Amino acid sequence: MFGTYGGLVGEGVLGLNKRNGDYISRFNPRRLYPLVDDKLKTKRLALQAGIAVPALYGVIGTQHDIRTLPDIVRSHNEFALKPAHGSAGDGIVVIAGRSGNRYRTIGGDILDEDFLSHHLSNAINGQFSLGGVQDVVIVEYMVRFSPLFERISYQGVPDIRVIVFRGVPVMAMVRLPTRASRGKANLHQGAVGAGIDLASGITLDGVIGTEVVTHHPDTTYAIAGLHVPDWDTILGIAARCYELTGLGYIGVDVVLDRDLGPLVLELNARPGLAIQIANRQGLLRRLKICEERADFGAPATQRIEFAKQEFKHPVGASI
Ligand SMILES: Nc1ncnc2c1ncn2[C@@H]1O[C@H](COP(=O)(O)OP(=O)(O)O)[C@@H](O)[C@H]1O
Ligand SMILES: [Mg+2]
């Protein structure tokens, strides 16, 4: 049977039902979900394993804690506020500067303390969390993107998504913030998704929704052909997130900090399927290749070598 997804049609395309039935439910035990559905837990887990993450400045856990924000960020002019159970960029506020009690977001909006307090209050009440459950807000280091991405990002840090199947990286893309996505690299917010050749770490053309874009809509620079730095380190981190969580089908979100290099932002137990559009390649074909030939018990370096050989972007492929 042929799968279809967002205009991609073919045997190798992974659809939602198959993803849920054949991969997520088989390889992601439910009891492990809390490790990745709670970004605070993931951060602690990664730190224990020596995987770099943005530094934690503080946690706002209750309505009562909201007034501690100025204290938490007293020595930080830049920081990010993030609901621990949020997804798709909802509720994240990235503060890139401030004067007194006025804060400037990375998208250029000026917010006062009342606004932030109100936002924190909503977040704690679960406005941005899965199922609307009570939440906590993480206050963390603001990632600064490496100059390499300056030409193809608009006001925000791009992130690199790697799908990892039982420890083998199978597909990757970079998501580039746009004016529309307001400093966040989430496709649902309007960011550009561009595939990355797993073997070389070189970007392919981008997509917005299902439409191919060759140039960043705001900066107008070409998207394809960029060599993502620290590519092997990024693949290594992504592969190790399997051992970290025990989840067999995950999306690992990594950002490249200008000074600190690759940092893990979050892990996803139900990663989206649009990565296939960004790569013009089906996931199912790659997952089947892994199931047929990969040595899932091999060390991470070998799993990465396997991925690089098997999933090299075909030369001359229409991208
Ligand atoms: N600490 C941070 N510094 C700068 N930007 C951030 C930070 N955390 C998140 N972002 C921006 O918000 C996007 C979404 O963050 P993420 O942690 O992946 O949460 P979500 O579950 O909402 O996708 C990131 O891709 C990035 O563009
Ligand atoms: Mg994310």
Side-chain angles (χ1 to χ4, degrees), residues 33 35-43 45-46 51-59 72-73 76-97 103-108 119 123 126-131 135-146 149-150 152-164 172-194 234 237-238 241 250-275 278:
Y33 275 37
L35 299 179
V36 297
D37 284 348
D38 180 340
K39 293 182 169 72
L40 197 53
K41 281 206 171 112
T42 312
K43 204 190 256 304
L45 200 65
I51 292 178
V53 293
L56 182 66
Y57 293 158
V59 178
I72 295 174
V73 299
H76 307 289
N77 279 332
E78 303 172 337
F79 57 90
L81 298 175
K82 194 187 289 191
H85 288 84
S87 61
D90 282 345
I92 295 178
V93 177
V94 182
I95 300 294
Y103 298 86
R104 181 173 47 79
T105 69
I106 201 153
H119 181 78
Q127 186 177 329
F128 310 110
S129 73
L130 271 169
D135 204 357
V136 303
V137 178
I138 295 170
V139 187
E140 70 179 18
Y141 170 82
M142 185 197 84
V143 178
R144 298 143 209 236
F145 62 78
S146 95
F149 286 119
E150 221 156 80
I152 55 168
S153 293
Y154 187 80
Q155 293 178 334
V157 62
D159 76 4
I160 294 158
R161 159 68 58 92
V162 185
I163 302 285
V164 180
M173 71 172 159
V174 58
R175 295 175 293 189
L176 307 165
T178 59
R179 186 191 293 268
S181 79
R182 307 194 69 77
K184 284 175 268 190
N186 297 88
L187 300 182
H188 286 111
Q189 310 271 353
V192 174
I234 293 170
I237 291 172
C241 285
I250 48 172
V252 178
D253 289 355
V254 179
V255 284
L256 270 181
D257 184 79
R258 190 174 71 193
D259 306 310
L260 305 173
L263 305 174
V264 167
L265 263 197
E266 63 150 349
L267 307 177
N268 296 272
R270 311 164 201 79
L273 296 163
I275 192 168

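Note that the coordinates shown come from a computational prediction; the quantities given were computed from them, not determined experimentally. Atoms within each ligand, like the ligands themselves, are counted from 1 in listed order. In this chain, numbering begins with 1 at the start of the sequence shown.
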J.: Given N186, V264, D257, identify the one with the heavy atom nearest to atom 14 (C) of ligand 1.
T.: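 Closest candidate by heavy-atom distance is N186.
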J.: Which residue and non-hydrogen atom of the protein lie closest to atom 20 (P) of ligand 1, and at what distance in Å?
T.: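 Of every protein heavy atom, E266 OE2, 3.3 Å lies nearest to atom 20 (P) of ligand 1.
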J.: Considering only the protein, which heavy-atom contact is closest to atom 7 (C) of ligand 1, and what is its distance?
T.: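 The closest one turns out to be E140 OE2, 4.0 Å.
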J.: Where is the tightest heavy-atom contact between R182 and G107, given as atom of each residue plus distance?
T.: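 So the two residues come closest at NH2-O, 4.3 Å.
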J.: So, 2.8 Å as the limit: is an N/O/S atom of D253 located closer than that to the Mg ion (ligand 2)?
T.: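 So D253 does bind the Mg ion (ligand 2) by this criterion.
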J.: Which atom pair, heavy atoms only, marks the closest approach of P158 to F145?
T.: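 Looking at all heavy atoms of both residues, the closest pair is CD-CB, 3.7 Å.
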J.: At less than 4.0 angstrom from any non-hydrogen atom of V157, what atoms of ligand 1 do you find?
T.: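 Atoms satisfying the 4.0 Å criterion: 4 (C), 5 (N), 6 (C), 26 (C), 27 (O).
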J.: Are any of the N/O atoms in K184 less than 3.5 Å from those in ligand 1?
T.: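 The answer is no, given that K184 and ligand 1 share no N or O pair closer than 3.5 Å.
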J.: What do you reckon, does N268 have a nitrogen or oxygen under 3.5 Å from a nitrogen or oxygen of ligand 1?
T.: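 In fact, backbone or side chain, N268 has no N or O that close.
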J.: Check for me whether G156 has a heavy atom closer than 4.0 Å to any atom of ligand 1.
T.: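 Contact absent.
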J.: Contact between K39 and ligand 1, counting heavy atoms under 4.0 Å?
T.: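 Distance cut 4.0 Å: K39 passes for ligand 1.
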J.: For ligand 1, which atoms sit closer than 4.0 Å to a heavy atom of D253?
T.: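 That gives atoms 18 (O) of ligand 1.
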J.: Less than 4.5 Å apart, any side-chain heavy atom of R175 and any of D159?
T.: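 Yes, at least one pair of side-chain atoms sits under 4.5 Å.
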J.: Can you list the ligand 1 atoms lying under 4.0 Å from a non-hydrogen atom of G89?
T.: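 It comes down to these atoms of ligand 1: 20 (P), 22 (O), 23 (O).
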J.: Under a 4.0 angstrom heavy-atom cut-off, which atoms of ligand 1 come close to G86?
T.: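 Near G86, the atoms of ligand 1 are 21 (O).
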J.: To make sure I understand the geometry: which N, O or S atom in E266 is closest to the Mg ion (ligand 2)?
T.: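 The atom in question is OE2.
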J.: Can you name the closest pair of heavy atoms from H188 and A88 and give their distance?
T.: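 Taking every non-hydrogen atom into account, ND1-CB, 4.2 Å.
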J.: Could you tell me whether R161 atom CZ has more than 12 heavy atoms of other residues or ligands within 6.0 Å of it?
T.: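 Counting other residues, nucleotides and ligands, CZ of R161 exceeds 12 neighbours.
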J.: Looking at ligand 1, is there an atom of it that comes within less than 4.0 Å of some heavy atom belonging to P177?
T.: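 Per 4.0 Å heavy-atom rule, P177 does not contact ligand 1.
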J.: Taking all non-hydrogen atoms of both residues, which atom of I163 and which atom of G251 are closest, and how far apart?
T.: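 Smallest interatomic distance, heavy atoms only, reads CD1-CA, 4.3 Å.
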J.: Work out which heavy atom in A46 is nearest to a heavy atom in V53; give both atom names and the distance.
T.: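 Heavy-atom minimum between the residues: CB-CG1, 3.6 Å.
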J.: Does ligand 1 come near enough to A80 that some N or O of the ligand is less than 3.5 Å from an N or O of the residue?
T.: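 For ligand 1, there is no N or O atom that lies under 3.5 Å from one belonging to A80.
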J.: Considering only heavy atoms, does V143 approach ligand 1 within less than 4.0 Å through its side chain, its backbone, both, or neither?
T.: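 For V143, the contact with ligand 1 is made by both the backbone and the side chain.
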J.: Any idea which heavy atoms bring A238 and V164 closest together, and the distance?
T.: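 Answer, listing the atom of A238 first, then V164: O-CG2, 3.6 Å.
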J.: Quick one: which of I92, L263, L267 has a heavy atom closest to atom 15 (O) of ligand 1?
T.: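 Looking at heavy atoms only, I92 sits closest to atom 15 (O) of ligand 1.
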J.: Run the numbers on K82 and E266 for salt bridge (charged side-chain N to carboxylate O under 4.0 Å, His left out), then give the verdict.
T.: CA-CA 11 Å; K82 194 187 289 191; E266 63 150 349; over 6 Å; no
J.: For the residue pair F79 and Y103, categorise the inter-ring angle as parallel (less than 30°), tilted (30 to 60°) or perpendicular (more than 60°).
T.: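 Ring orientation of F79 relative to Y103: perpendicular.
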J.: Identify the closest protein heavy atom to atom 25 (O) of ligand 1: which residue and atom is it, and at what distance?
T.: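 Among all protein heavy atoms, the one nearest atom 25 (O) of ligand 1 is D159 OD2, 2.8 Å.
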J.: What's the shortest distance from atom 10 (N) of ligand 1 to any protein heavy atom, and which residue and atom give it?
T.: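 So the nearest neighbour among protein heavy atoms is L265 CD1, 4.2 Å.
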J.: In Å and rounded to the nearest 0.5 Å, what is the CG to CG distance from D90 to N186?
T.: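 It is 8.0 Å, given to the nearest 0.5 Å.
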J.: May I ask you to test the P54-L265 pair for a side-chain heavy-atom distance under 4.5 Å?
T.: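 Counting from C-beta outward, P54 and L265 do come under 4.5 Å.
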J.: Could an N or O of ligand 1 be found under 3.5 Å from any N or O of A185, whether backbone or side chain?
T.: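 It does: an N or O of A185 is found under 3.5 Å from an N or O of ligand 1.
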J.: Who's the nearest protein heavy-atom neighbour of atom 8 (N) of ligand 1, and how far?
T.: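 Going by distance alone, atom 8 (N) of ligand 1 is nearest to K82 NZ, 3.0 Å.
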J.: Measuring only between side-chain heavy atoms, which start at C-beta, is I95 closer than 4.5 Å to V93?
T.: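 I95 vs V93: side chains touch.
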